[in-house]
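Heavy atoms only: backbone and side chains are in, while hydrogens, waters and symmetry mates are out. Here is how names work: the chains are called A, B, and so on, in the same order as the sequence lines, proteins then strands, and each is numbered from 1.
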Amino acid sequence: MGIFQRFARIPLKSTYIWSLCRQYSTDLTAVDRALIQHRCVHNRGLGASPGNPGAAPPRLPFSRVTQEDLAFFRTLLPGRTITDPDLLKSSNVDWLKTVEVCPQGGNTGLVGGSVPVFDEIILSTSLMKQVITFDNISGILTCQAGCVLENLSNYLEERDFIMPLDLGAKGSCHIGGNVSTNAGGLRLLRYGSLRGTVLGLEVVLADGRILNCLATLRKDNTGYDLKQLFIGSEGTLGVITAVSILCPRKPKAVNVAFLGCSSFQQLLETFQCCRGMLGEILSAFEFLDASCMSLLEKHLKLTNPITESPFYIVIETAGSNATHDEEKLHKFLEEVMTSSLVTDGTVATEATKIKALWSLRERVTEALTHEGYTYKYDISLPVEKIYDLVQDMRGHLGDMAKNVVGYGHVGDGNLHLNITSPSKDPALLAAIEPYVYEWTSKWKGSISAEHGLGLKKRNYIYYSKPSEAVALMGSIKAMLDPKGILNPYKTLPDNIH
Amino acid sequence: CFAPFLCLRPPQIRVKPDRTGVVTDGVKHSMNPFCEIAVEEAVKLKEKKLVKEVVAVSCGPQQVQETIRTALAMGADRGIHVEVSGKDYETLGPLQVSKIFAALAKKEQADLIILGKQAIDDDCNQTGQMTAALLDWPQGTFASEVTLEADKLKVVREIDGGLETIKIKLPAVVTADLRLNTPRYATLPNIMKAKKKKIVNVKPADLGVDVSSRLEVLKVDEPPQRQSGVKVETVHDLVEKLKEAGRI
């Protein structure tokens with residue numbers, strides 16, 4: 001007797017789970033192999049407290065995963081059948097209650113969203129790495145959720161297209177993870193967010209149903225746009241298993257300019273000038289401060305290509321005509337130089353130099369790791385206020401912090417505030433939080449611009465969202481995942497339960 | 001006087017359908033990296049006040065002017081564009097270029113010619129040596145260090161066995177190797193200044209040089225596709241497979 005016949009005796013819900021498993025059973029191998037662990041993150045689940053809202057909460061009353069469950073998973077693999085009816089029956093009936101699932105892509109998230117807190121089973125997408133289709137007229141790519149972003153970029157570049165997003169973690173992150181966290185990145189300024197470029201999703205719901213919204217249509221106004229619920233939901237409403245995404249053409253001409261400004265105000269004016277003169281060819285506008293530059297020089301031995309300045313800007317243009325773009329760029333550079341908005345700068349038009357200039361922005365995170373323990377904050381603010389936060393933090397923390405640096409997607413109003421100390425320092429953390437969140441809230445900013453809430457920031461949601469909104473989020477979660485098995489302890493605050 | 005070379009640095013090289021060469025249309029051209037190092041060395045010598053004037057030279061079609069401007073932005077004083085285009089440019093090789101350089105060196109009364117050790121598109125590594133021979137000047141090739149001592153040049157050369165130090169009399173030809181220096185970025189104020197520096201246009205015929213080639217390219221092919229390997233379980237299998245393939 002095969003598995004299916006055994007299952008026929010079990011209630012309907014389990015059959016759905018089985019159909020989920022059959023389709024993705026090869027992927028559960030990853031689960032089985034590594035991952036049933038009893039993990040206590042932070043303070044051994046003593047719970048989030050007012051002094052430490054990011055800590056893991058007490059464990060919810062899920063069943064514990066046992067050796068029997070492990071055995072169940074092993075036997076669910078293709079080619080193996082369950083023959084012991086008792087084992088089968090008990091495991092299956094209890095299975096729905098037992099399994100808390102932590103979906104995991106490339107595990108490059110910065111808020112602990114992809115890491116189990118206790119013994120949640122990691123559902124890894126790493127084996128789901130097929131490109132399903134690519135249409136080179138519409139530019140629509142359909143692929144499984146476990147495709148690594150860099151691999152997709154390489155695949156598309158051979159076909160004269162690019163991914164609409166690019167981030168530092170591209171060598172490891174999975175597209176499914178990018179979508180479920182609504183990742184931003186370096187190209188958002190030009191191509192918009194995943195909420196616009198993702199055309200369809202295939203999602204597996206908590207009860208095992210497969211929601212196939214994998215449309216490849218640019219326009220489809222038939223009913224509620226369900227995929228928007230899952231984009232950015234950090235795996236708490238459903239597990240994304242396939243994505244269809246609209247990809248732009250690979251630009252024929254890419255230029256990068258690296259500029260120095262003597263004040264943040266001038267940086268902002270440069271941005272306005274840039275928008276006006278470079279307009280449609282502008283594809284990135286990033287900044288870093290002098291502290292970042294000295295860390296790059298100190299730890300990574302990178303050279304500053306221009307004279308030392310308080311602020312540095314990386315501007316990228318991407319267009320279809322090199323001569324046209326270079327002319328625009330040179331006019332813009334002449335303008336900002338003669339008006340003294342910019343004190344110095346350099347331009348790169350060919351690949352190795354472009355990479356060298358970009359690495360000055362992309363490797364700041366790496367340089368910071370050499371300074372000890374880093375406290376990372378990803379904040380959205382009105383653009384004029386961005387650097388005020390960095391300066392206020394410096395004043396507020398004084399000698400407690402070794403470095404307070406600011407860099408990021410200034411074009412999107414997104415600051416990456418990083419603070420370092422030689423080792424983890426609870427006193428410093430207490431000085432930073434909730435000060436930084438209150439500051440952000442005061443200026444109606446977001447306490448997590450693109451990194452999401454995950455485990456670490458779930459309880460800070462109220463700094464950026466009103467309680468009615470959070471309550472509605474709770475209702476949606478309860479509707480889609482009544483047993484709360486999808487990525488528990490993440491995204492929504494503890495008091496929602 | 002020195003010569004940055006125009007070269008190809010595209011993301012993906014494709015062979016032309018008629019197999020006479022590679023596709024250069026729409027491909028981004030930029031200064032040969034070794035020639036960039038040569039420019040940097042010349043500018044450094046000028047900054048140390050050891051040389052009076054740095055002249056950047058390049059041979060090729062109109063686009064070459066952009067490369068000369070980059071050299072000017074790095075600190076060269078003036079430029080000479082030797083115009084070679086169309087069919088002549090496609091067949092332009094080290095021998096013709098070295099004849100051009102030799103003629104220019106005499107005309108400009110140059111004391112030192114610095115160029116990159118080789119162009120990364122053809123990897124010839126011949127121009128510097130041929131130029132020195134045509135002028136009957138000493139040469140210091142694959143230089144990783146250059147020091148001016150009165151009227152002599154001390155050159156440390158990178159060779160297979162290690163480093164060789166030689167002393168050569170000026171005027172001389174030096175070719176730059178990777179470790180000679182790290183080229184500076186051309187910064188905006190200098191890029192603006194460079195716009196005002198002069199680039200003079202010259203034809204090979206004006207220098208009495210015949211650019212016709214004595215070489216005929218028969219064909220250009222892509223390298224053979226790499227076959228995927230085969231994994232074997234045991235040493236015995238490996239030996240069998242090697243025997244099958246006639247390797248042992």
Side-chain angles (χ1 to χ4, degrees), chain A residues 153-154 156-160 162 250-261 270 301-309 312-313 315 320-323 325-327 329-357 360, chain B residues 4-14 23-37 39-40 43-44 58 61-75 116 119-121 178-179 181-196 222 225:
Chain A
S153 292
N154 292 337
L156 289 170
E157 276 175 39
E158 284 172 20
R159 292 156 177 77
D160 211 28
I162 53 169
K250 185 164 87 169
K252 292 211 174 54
V254 175
N255 298 314
V256 171
F258 191 82
L259 309 173
C261 285
T270 308
K301 307 282 179 268
L302 298 183
T303 20
N304 185 349
I306 58 176
T307 44
E308 230 179 276
S309 320
Y312 301 95
I313 309 173
I315 294 177
S320 55
N321 186 322
T323 346
D325 287 3
E326 271 162 37
E327 199 188 312
L329 186 59
H330 282 126
K331 277 214 174 77
F332 161 72
L333 292 172
E334 220 177 298
E335 173 63 39
V336 291
M337 280 296 299
T338 44
S339 61
S340 296
L341 277 179
V342 158
T343 49
D344 197 4
T346 184
V347 193
T349 49
E350 58 86 18
T352 18
K353 290 236 160 61
I354 287 179
K355 210 163 164 205
L357 290 180
L360 292 165
Chain B
F5 233 84
L6 192 63
C7 87
L8 304 165
R9 203 115 45 100
Q12 250 178 330
I13 267 282
R14 293 210 156 85
V23 175
T24 56
D25 276 342
V27 167
K28 191 85 205 193
H29 285 54
S30 54
M31 197 189 296
N32 185 36
F34 294 111
C35 296
E36 242 182 326
I37 296 173
V39 173
E40 175 65 27
V43 172
K44 272 199 164 81
S58 196
Q62 194 56 27
Q63 301 119 286
V64 156
Q65 296 229 357
E66 216 186 287
T67 311
I68 301 179
R69 285 267 169 234
T70 310
L72 294 173
M74 284 172 72
I120 66 171
D121 52 7
L178 194 63
R179 274 157 280 269
N181 59 50
T182 310
R184 67 194 63 191
Y185 285 87
T187 58
L188 290 180
N190 291 325
I191 294 174
M192 313 256 139
K193 278 192 223 148
K195 289 199 176 140
K196 303 200 181 83
E222 290 198 11
Q225 284 282 2

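- How far OH of B:Tyr185 is from CG of A:Asp344: 13.0 Å, rounded to the nearest 0.5 Å.
- Two residues are said to be in side-chain contact when any heavy atoms from C-beta on lie closer than 4.5 Å; A:Glu326 and B:Glu66 meet this criterion.
- Taking every heavy atom of both residues into account, A:Thr346 and B:Leu188 meet most closely at N-CG, 4.1 Å.
- The two residues A:Pro305 and B:Thr187 have their closest heavy-atom pair at O-CG2, 3.7 Å.
- Heavy-atom minimum distance, B:Met192 versus A:Glu334: CE-CA, 3.5 Å.
- Sparse packing is recorded around NZ of A:Lys331, with 12 or fewer heavy atoms of other residues, nucleotides or ligands lying under 6.0 Å away.
- The side-chain hydrogen bond (donor to acceptor under 3.5 Å, both in side chains) search around A:Lys355 returns none, not counting sequence neighbours.
- For A:Asp160, the side-chain hydrogen bond (donor to acceptor under 3.5 Å, both in side chains) partners at least two apart in sequence or on another chain are A:Arg249.
- With rounding to the nearest 0.5 angstrom, the NE2 atom of A:His330 is 5.5 Å from the CD1 atom of B:Ile191.
- A heavy-atom distance below 4.5 Å is not found between the side chains of A:Thr303 and B:Thr182.
- Between the OG1 atom in A:Thr323 and the CD atom in B:Gln63 there is a gap of 9.5 Å [rounded to 0.5 Å].
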